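For clarity, every value in this text was computed on a predicted model and none was experimentally measured.
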Amino acid sequence: MRVFVAGGTGHSGSYIIPELVSAGHEVTGLARSDTAAAALSALGAKALRGDLQDLERLKEAAADSDGVIHVAHRQDLLPSGGIDAVTAAELPVVLAYGESLAGTGKPLVAAGSIGSPGNVRSLSRPATEADPALPVGDEHQGTLRARNAVEAAVIGLAERGVRSSVVRIANIAHSTTDRAGFLPMLIALAKEKGFAGYPGDGANLWNAVHVRDVASLFRLALEKGPAGRYWHAVADGGIPVREIAEAIGSRLGVPAVSVPLDELMLPGHFGFLANVVTQSYPASNLISRETLGWEPAQPGLLADLDNGHYFPAG
């Protein structure tokens with residue numbers, strides 16, 4: 001297949017492209033700069049110069065392809081406009097793909113969040129691929145839930161003859177090149193504070209996946225995923241946050257310490273992560289494995305922490 005990838009030089013994209021190339025696909029990636037174009041070439045892809053604001057170019061790229069993978073967003077908008085601005089910029093992008101792919105049956109696979117169907121408090125069980133993204137209202141402005149509008153738009157394109165689907169990526173996507181995810185943030189926080197904190201008793205559950213396994217799920221969804229479906233890029237379906245803190249603490253040589261569930265203490269320690277780190281997001285990957293034949297093959301989170309790349313000497 002001729003595959004167009006937006007976000008190919010990002011954390012997930014830089015694994016997705018080699019996965020596609022090794023499977024025999026011809027990949028073209030969107031490049032905003034000469035540096036990005038060189039990085040795409042090194043990954044085995046052709047470079048198409050442009051950016052996410054150039055909707056006409058994106059439409060042309062989608063029309064010229066046999067399928068599209070979208071793992072990009074306007075991260076530059078976060079400091080000034082937050083998640084609302086990022087979402088407002090991403091919606092026209094996925095709808096532009098939809099215009100080009102409508103009625104073709106070609107695949108569009110976009111990145112989503114494992115938290116989009118809600119947490120354990122709202123579901124009372126692990127989230128499954130059958131759970132739709134929660135609807136978005138005005139009251140959700142400024143929250144992570146705002147981006148659910150993008151997932152809903154992608155899934156909605158199935159009604160227009162696009163083989164669209166969403167890969168929900170785990171809370172922690174780990175790898176040797178993870179520099180900006182939740183895990184590096186928690187490690188940096190533990191170094192700064194002198195202890196690895198966890199909220200309350202730390203029994204709330206997070207999930208994790210190695211990015212190489214994320215890449216293989218994107219490939220499978222592209223190749224054979226039915227339209228209008230969600231897929232769960234989750235390997236470790238539920239790890240107590242306390243265990244993650246203890247693992248970080250043991251490798252840094254600092255204690256793991258409970259941070260009281262207090263409206264002042266939590267943001268005082270975790271900052272903007274406070275609303276996320278207190279949630280519980282257990283998730284199942286059974287439908288993804290049974291439908292697509294996906295089997296995570298890389299080390300789990302705690303094993304990957306043992307590999308040392310998150311804790312370089314010195």
**Student:** Looking at P117, is its backbone amide N or carbonyl O close enough to the side chain of R145 to form a donor-acceptor pair, meaning the two atoms are under 3.5 Å apart?
**Tutor:** no

**Student:** Any chance CD of Q75 has more than 12 other-residue heavy atoms, nucleotides or ligands included, within less than 6.0 Å?
**Tutor:** no

**Student:** Shortest non-hydrogen contact from L301 to D236?
**Tutor:** N-OD2, 2.9 Å

**Student:** So, do L55 and P92 sit near enough that their side-chain heavy atoms are less than 4.5 Å apart?
**Tutor:** yes

**Student:** I'd like to know if V71 and V94 are part of one continuous hydrophobic network [Ile/Leu/Val/Met/Phe/Trp/Tyr, side-chain heavy atoms within less than 4.5 Å].
**Tutor:**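 Different hydrophobic clusters.
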
**Student:** Around K193, counting heavy atoms of other residues, nucleotides and ligands shown, do more than 12 lie under 6.0 Å from its NZ?
**Tutor:** yes

**Student:** Minimum heavy-atom separation for S100 to A62, with atom names?
**Tutor:** CB-CB, 3.8 Å

**Student:** For L222, is there any backbone N or O sitting under 3.5 Å from a side-chain donor or acceptor partner on R163?
**Tutor:**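 Yes, because the side chain of R163 sits within donor-acceptor range (under 3.5 Å) of the backbone of L222.
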
**Student:** Can you name the salt bridge (Lys or Arg N to Asp or Glu O under 4.0 Å) partners of R160, sequence neighbours left out?
**Tutor:**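 Per chain and number, R160 pairs via salt bridge (Lys or Arg N to Asp or Glu O under 4.0 Å) with no residue.
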
**Student:** For T278 versus P199, what's the shortest heavy-atom pair and its separation?
**Tutor:**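 Scanning both residues, the minimum pair turns out to be CG2-CB, 3.9 Å.
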
**Student:** Would you check if there is a donor-acceptor pair between the side chains of N207 and N171 at a distance under 3.5 Å?
**Tutor:** yes

**Student:** Step by step, work out the side-chain contact (heavy atoms from CB on, under 4.5 Å) result for L217 and L292.
**Tutor:** CA-CA 8 Å; L217 184 54; L292 299 178; 3.7 Å; yes

**Student:** Tracing side-chain links under 4.5 Å among I, L, V, M, F, W and Y, which residues wind up in one group with Y15?
**Tutor:** V211

**Student:** If we ignore hydrogens and angles and just use 3.5 Å, is the side chain of K106 paired with the main-chain N or O of S65 as donor and acceptor?
**Tutor:** yes

**Student:** I would like to know whether H11 and T177 meet side-chain contact (heavy atoms from CB on, under 4.5 Å); could you show each step before the answer?
**Tutor:** CA-CA 7 Å; H11 186 212; T177 59; 3.5 Å; yes

**Student:** Okay, side chain of N148, backbone of V136: is any donor-acceptor separation there less than 3.5 Å?
**Tutor:**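 Not at all, since once roles are kept as given, no pair shorter than 3.5 Å links the two residues.
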
**Student:** Nearest heavy-atom pair of I17 and A45: which atoms, and what distance?
**Tutor:** CG2-CB, 3.8 Å

**Student:** How many angstroms lie between CH2 in W206 and CD1 in I244, if you round to the nearest 0.5 Å?
**Tutor:**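 Reported value, rounded in 0.5 Å steps: 6.5 Å.
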
**Student:** Linking Ile, Leu, Val, Met, Phe, Trp and Tyr through side-chain heavy atoms less than 4.5 Å apart, which residues share a cluster with V234?
**Tutor:** I114

**Student:** Kindly give the heavy-atom pair with the smallest separation between A196 and A190, and that separation in Å.
**Tutor:** CA-CB, 3.9 Å

**Student:** Cut-off 3.5 Å, no hydrogens considered: what does the side-chain donor-acceptor table look like for residues 253-270, sequence neighbours left out?
**Tutor:**
from, atom 1, to, atom 2, distance (Å)
S258, OG, G200, O, 2.5
D262, OD1, L264, N, 2.7
D262, OD1, M265, N, 3.1

**Student:** Within this structure, what is the CE-CD distance for the pair M1 and E26, rounded to the nearest 0.5 Å?
**Tutor:**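 Answer rounded to 0.5 Å: 11.5 Å.
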
**Student:** Tell me whether D84 contacts the main-chain N or O of T87 through its side chain, where contact means a donor paired with an acceptor under 3.5 Å.
**Tutor:** no

**Student:** With sequence neighbours excluded, give me every salt bridge (Lys or Arg N to Asp or Glu O under 4.0 Å) pair touching residues 243-260.
**Tutor:** R242-E246, R251-D306

**Student:** Stepwise, does the side chain to side chain donor-acceptor pair (under 3.5 Å) test hold for N119 with Q279?
**Tutor:** CA-CA 7 Å; N119 57 35; Q279 301 299 313; 2.3 Å; yes

**Student:** Is the backbone of G118 close enough, under 3.5 Å, to the side chain of S122 for a donor and an acceptor to pair up by distance?
**Tutor:** no

**Student:** Filter on ring-ring contact (aromatic ring centres under 6.0 Å, His included), then keep only pairs touching residues 228-265, sequence neighbours left out; what's left?
**Tutor:** none

**Student:** Return the set of residues passing salt bridge (Lys or Arg N to Asp or Glu O under 4.0 Å) with R219 (not counting sequence neighbours), or none when no residue passes.
**Tutor:** E19, E223

**Student:** Without swapping roles, check the side chain of Y310 against the backbone of S175 for a donor-acceptor pair under 3.5 Å.
**Tutor:**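 Yes, Y310 side chain to S175 backbone: donor-acceptor pair under 3.5 Å.
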
**Student:** Could you measure the distance from the CD1 atom of I83 to the CG atom of L77? Nearest 0.5 Å is fine.
**Tutor:** 10.0 Å

**Student:** Taking only residues two or more places apart in sequence or in another chain, which ones pass salt bridge (Lys or Arg N to Asp or Glu O under 4.0 Å) with D66?
**Tutor:** R2

**Student:** To the nearest 0.5 angstrom, please state how far the CG atom of L157 sits from the CG atom of L101.
**Tutor:**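 One finds 8.0 Å between CG of L157 and CG of L101.
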
**Student:** If two hydrophobic side chains count as joined below 4.5 Å and joins carry through other members, does V3 share a cluster with L108?
**Tutor:**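 Each belongs to a different hydrophobic cluster.
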
**Student:** Between D54 (side chain only) and D51 (backbone N and O only), is there a donor and an acceptor less than 3.5 Å apart?
**Tutor:**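 A pair under 3.5 Å: no.
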
**Student:** Atom OG in S216, atom CD in Q298: separation rounded to 0.5 Å?
**Tutor:** 8.0 Å

**Student:** Are any side-chain N or O atoms of E151 and backbone N or O atoms of G112, one a donor and one an acceptor, separated by less than 3.5 Å?
**Tutor:** no

**Student:** Does N204 use its side chain to pair, donor to acceptor, with the backbone of V277 at less than 3.5 Å?
**Tutor:** yes

**Student:** Test of understanding: clusters of I, L, V, M, F, W, Y form through side-chain heavy atoms closer than 4.5 Å, transitively. Do V162 and V166 belong to the same one?
**Tutor:** yes

**Student:** Can we say E90 and R74 salt-bridge, meaning some charged N sits less than 4.0 Å from an Asp/Glu carboxylate O?
**Tutor:** no

**Student:** If you look only at distance, which donor and acceptor atoms sit under 3.5 Å apart when one is on a side chain in residues 31-44 and the other is two or more places apart or in another chain?
**Tutor:**
from, atom 1, to, atom 2, distance (Å)
S33, OG, T35, N, 3.4
S33, OG, A36, N, 3.1
D34, OD1, R49, NH1, 2.5

**Student:** For side-chain contact (heavy atoms from CB on, under 4.5 Å), just list the numbers for F4 and L30, CA-CA rounded to whole Å, side-chain angles, deciding distance to a tenth of an Å, and then say yes or no.
**Tutor:** CA-CA 8 Å; F4 175 66; L30 186 67; 3.9 Å; yes

**Student:** Working to the nearest 0.5 Å, report the span between CG of L58 and CG of L95.
**Tutor:** 12.0 Å

**Student:** Is it possible for you to say whether V120 and F182 belong to one hydrophobic cluster, with membership spreading through side-chain heavy-atom contacts below 4.5 Å?
**Tutor:** no

**Student:** State which residues pass salt bridge (Lys or Arg N to Asp or Glu O under 4.0 Å) with E99; sequence neighbours excluded, sorted by chain then number.
**Tutor:** K59

**Student:** Show the numbers, then the answer: is there a side-chain contact (heavy atoms from CB on, under 4.5 Å) between L183 and L305?
**Tutor:** CA-CA 10 Å; L183 195 54; L305 284 172; 3.8 Å; yes

**Student:** Pairs in or reaching into residues 171-184: which pass salt bridge (Lys or Arg N to Asp or Glu O under 4.0 Å), with residues at least two apart or in two chains?
**Tutor:**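 For residues 171-184: none.
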
**Student:** Could you report the tightest heavy-atom contact between D213 and A297, atom names first, then the distance?
**Tutor:**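 Smallest interatomic distance, heavy atoms only, reads OD1-N, 2.9 Å.
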
**Student:** Check the hydrophobic clustering (I, L, V, M, F, W, Y; side-chain heavy atoms under 4.5 Å; chains of links allowed) and say if I169 and V86 are grouped together.
**Tutor:**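 In one cluster: no.
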
**Student:** Which residue pairs pass the ring-ring contact (aromatic ring centres under 6.0 Å, His included) test when at least one of the two sits in residues 117-147, sequence neighbours left out?
**Tutor:** none

**Student:** Is it true that E129 and R168 have a side-chain N and a carboxylate O under 4.0 angstrom from each other?
**Tutor:**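 R168 and E129: not salt-bridged.
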
**Student:** Evaluate whether atom CG of L144 has more than 12 neighbouring non-hydrogen atoms of other residues, nucleotides or ligands under 6.0 angstrom away.
**Tutor:**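 For L144, atom CG is not crowded (no more than 12 foreign heavy atoms under 6.0 Å).
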
